[in-house]
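Pasting in a structure now, in structure tokens, and then I'll have a few things to ask.
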Amino acid sequence: MADETVFDFLHSELVNYVIEQSELKNKDAKDEDLSNLEYLGFSTGYRMIERLTKEMPRFKDELDTMKFICTDFWTAIYRKQIDNLRTNHQGVYVLQDNGFRFLNNISNGKQYLELAPRYVTFTCGVVRGGLANLGINSLVTAEVQSMPSCKFHIQVQRS
Amino acid sequence: MSRSSSRIDTKKVNSELVTLTYGALVAQMIKDLDNADDVSKQLERLGYNMGIRIVEDFLSKTGSGRCLDLKDTADKVQMAFKMYLGVQPNVANWSAAGDEFSFILDSNPLTELVELPDDLKNLKYCNIICGVLRGALEMVHLDVQSWIVQDQLKGDSNTEIRLKFIRRLEDSIPAGED
Amino acid sequence: MTIHNIYIFDHKGGLLYYHEWNRIKQSGMTSEEEAKLMYGMLFSIKSFVNKISPIDTKEGFLYYKTSKYTLHFMETPSRIKFVLNTDNNAQDMRELLQQIYSQVFVEYVVKNPLSKLSEPIQSELFKTKLDAFVKQSPSFLAKPL
């Protein structure tokens, strides 16, 4: 087996690389451009879920899919389940992780809060990619108020 | 809920996760840098940054002491391959002077699920491993060079990573004395 | 038993972290000066110990003891140095030092992507964890005897 920490270190370097590139391209930009990080997450999530669900029966409905994301999928990647899932039953889902893997070793509170987006953006992409592969188009954003807790907002795009 | 977590083999998932994430990163770099040599260099550098941290994790988990000689180093790195990549390479092809040897991997998790298009044939896809080795060993006093000799992505039957010992790094002398 | 203070040096001899719990007497130097002297002393004592050793040493310098306190030293193969000053009742601190390395330093510095490995440690999380870790150790007592 491969040690889990490799993924943590690889993820950190992904973040560093994307930020470096965005600084090279956009020296004057005020905000960091993390869109490539989101995209990296998207491709990873898209292919990952395919491998995870290969031998599983189809999901009943959207909520069933979300439950899978919160439990099996989250455990597979983030070593624990989502702590809380809320929905307005109109396509908005909020997934709360009280000890998010990529924030656990960074801070226990507000220190470095302004840099938190760097460490949650990849995962927004992972979720969006995973859902996309299961036929659900969505927008995923993350909200961090106090580390290591993080809320992922999923907005299903119905066309 | 009928979907039990036991259906997912987390160890396998973790290894695939690394493979897929790494693949996505390389693809992104190819887009950004547009030149196989630059991508290879960048991958090595990224590996170096990982290596200087992984080595601390390795040392703290194994409680391993200083390397006695290069043979000892080879054994420890072999163990680290097993821990972090899930495969155990053979240590082989020692040079006559005993300052160079190879790690030979029958299977390489990084390149599973990967195929290189023809126009990227000189991309050193696994250069990250060379970087990790350089970074990790630098932290334990060893200045080394590392490069890929055989590559399964290029049709070789295994992956061979060469390591050459350059010199031993000394302790930093306290400021103000020389 | 008491733990007085801790110094952590990086592989180049830079002070990564200092913290004190029960330090009654200060050295009267700035913390930079003190850290420089401490590193210089460790450097010399280490090389002296190895040079003068009548047999092959594996571990080298481990601690020194005065009538009032003991300085415990641990260096990782990556040359990160941990120094713990305790009173003389504190026995073998190697295990504690090893744990500080693996359970606090590696977890909250090495695995914190925002901590540079050769800059003074700023992370509040690290500080909190180290403080809690040292305080729950049997060698720690809030007030010296």
Side-chain angles (χ1 to χ4, degrees), chain A residues 1-18 20-22 24-25 35-37 39-57 59-60 63-65 67-81 105 122 125-126 129, chain B residues 1-29 31-33 39 42-43 45-58 60-62 80-87 109-110 112-113 128-129 131-132 135-136:
Chain A
M1 62 149 275
D3 192 281
E4 294 178 329
T5 50
V6 171
F7 182 56
D8 293 316
F9 290 126
L10 181 62
H11 175 262
S12 307
E13 290 310 318
L14 234 58
V15 173
N16 290 343
Y17 170 75
V18 168
E20 232 176 69
Q21 285 296 314
S22 111
L24 277 177
K25 278 180 200 148
S35 56
N36 279 341
L37 200 54
Y39 183 69
L40 285 172
F42 180 88
S43 2
T44 306
Y46 193 90
R47 296 181 66 189
M48 196 66 216
I49 206 148
E50 200 167 85
R51 310 189 67 78
L52 289 175
T53 54
K54 231 177 355 205
E55 280 148 33
M56 288 186 182
F59 297 102
K60 271 204 323 270
L63 185 62
D64 195 32
T65 312
K67 281 184 181 162
F68 172 77
I69 296 282
C70 291
T71 53
D72 301 52
F73 185 68
W74 213 259
T75 308
I77 302 183
Y78 300 102
R79 297 185 292 218
K80 67 186 280 296
Q81 297 194 356
N105 303 58
F122 176 82
V126 168
Chain B
M1 289 213 283
S2 57
R3 298 175 196 283
S4 77
S5 306
S6 60
R7 290 161 66 170
I8 292 178
D9 175 353
T10 47
K11 286 172 185 170
K12 187 160 161 265
V13 165
N14 187 59
S15 154
E16 288 183 351
L17 193 58
V18 169
T19 309
L20 292 176
T21 307
Y22 186 64
L25 174 69
V26 178
Q28 181 64 43
M29 282 184 174
K31 235 188 281 173
D32 288 339
L33 306 172
V39 174
Q42 186 73 250
L43 289 172
R45 209 171 59 94
L46 199 134
Y48 175 88
N49 292 336
M50 286 177 72
I52 61 173
R53 289 183 190 252
I54 288 179
V55 70
E56 301 294 348
D57 187 66
F58 176 81
S60 76
K61 277 186 182 143
T62 58
F81 263 104
K82 181 89 188 120
M83 268 172 75
Y84 294 105
L85 212 51
V87 287
L110 273 190
E112 266 169 40
L113 324 167
I128 190 168
I129 299 179
V132 170

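Here is how names work: the chains are called A, B, and so on, in the same order as the sequence lines, proteins then strands, and each is numbered from 1. Note that the structure is a prediction, hence the values are computed from the model and not measured.
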Worksheet entry | Top contributor to chain A interface from B:Ile128, B:Asp32, B:Ile54, B:Leu113 [non-hydrogen pairs under 4.5 Å] | B:Asp32
Practice prompt. Considering only NZ, NE, NH1 and NH2 on the basic side and carboxylate oxygens on the acidic side, decide whether A:Glu13 and B:Arg45 come within less than 4.0 Å.
Written response: no
Worksheet item: Could you state the interatomic distance from CD (A:Gln21) to CD (B:Gln28), rounded to the nearest 0.5 Å?
Response: 8.0 Å
Practice prompt. Please determine, among B:Val132, B:Leu25, B:Thr21, the option with the most heavy-atom pairs under 4.5 Å with chain A.
Written response: B:Thr21
Discussion item. With a 4.5 angstrom heavy-atom cut-off, is it the side chain or the backbone of A:Leu24 that approaches chain B, or both, or neither?
Written reply: neither
Fill in: Enclosure of A:Lys80 NZ (heavy-atom neighbours >12, cutoff 6.0 Å)
yes
Worksheet entry | Contacts of type salt bridge (Lys or Arg N to Asp or Glu O under 4.0 Å), residue A:Arg47, not counting sequence neighbours | none
Practice prompt. Below 4.5 Å from any heavy atom of chain A, which atoms of B:Leu33 appear? Answer side chain, backbone, both or neither.
Written response: side chain
Item to complete: List the atom of B:Met50, the atom of A:Leu10, and the distance in Å for their closest heavy-atom pair.
Response: CE-N, 3.6 Å
Worksheet entry | Min side-chain heavy-atom separation A:Arg51-B:Leu20 under 4.5 Å | yes
Item to complete: Below 4.5 Å from any heavy atom of chain B, which atoms of A:Tyr17 appear? Answer side chain, backbone, both or neither.
Response: side chain
Discussion item. Please find the pair of heavy atoms, one from B:Tyr84 and one from A:Val6, that lie closest to each other, and give the distance.
Written reply: O-CG2, 3.3 Å
Fill in: Proximity breakdown for A:Phe42 and chain B, heavy-atom pairs closer than 4.5 Å
neither
Discussion item. Rounded to the nearest 0.5 Å, what separates atom CG in A:Leu14 from atom CG in B:Leu46?
Written reply: 7.5 Å
Worksheet item: By a 4.5 Å heavy-atom criterion (distance strictly below it), what part of B:Lys12 contacts chain A: side chain, backbone, both, or neither?
Response: neither
Practice prompt. Answer with side chain, backbone, both or neither: which region of B:Asn49 has an atom nearer than 4.5 Å to a non-hydrogen atom of chain A?
Written response: both
Practice prompt. Carefully, step by step, assess A:Thr5 and B:Lys61 under the rule side-chain contact (heavy atoms from CB on, under 4.5 Å).
Written response: CA-CA 12 Å; A:Thr5 50; B:Lys61 277 186 182 143; 3.8 Å; yes
Discussion item. For A:Thr44 versus B:Ala24, what's the shortest heavy-atom pair and its separation?
Written reply: OG1-CB, 3.9 Å
Discussion item. Show the nearest heavy-atom pair for residues A:Tyr39 and B:Lys31, with the distance to one decimal.
Written reply: CE2-NZ, 3.8 Å
Worksheet entry | Residues that A:Lys54 engages under side chain to side chain donor-acceptor pair (under 3.5 Å), provided they are two or more places apart | none
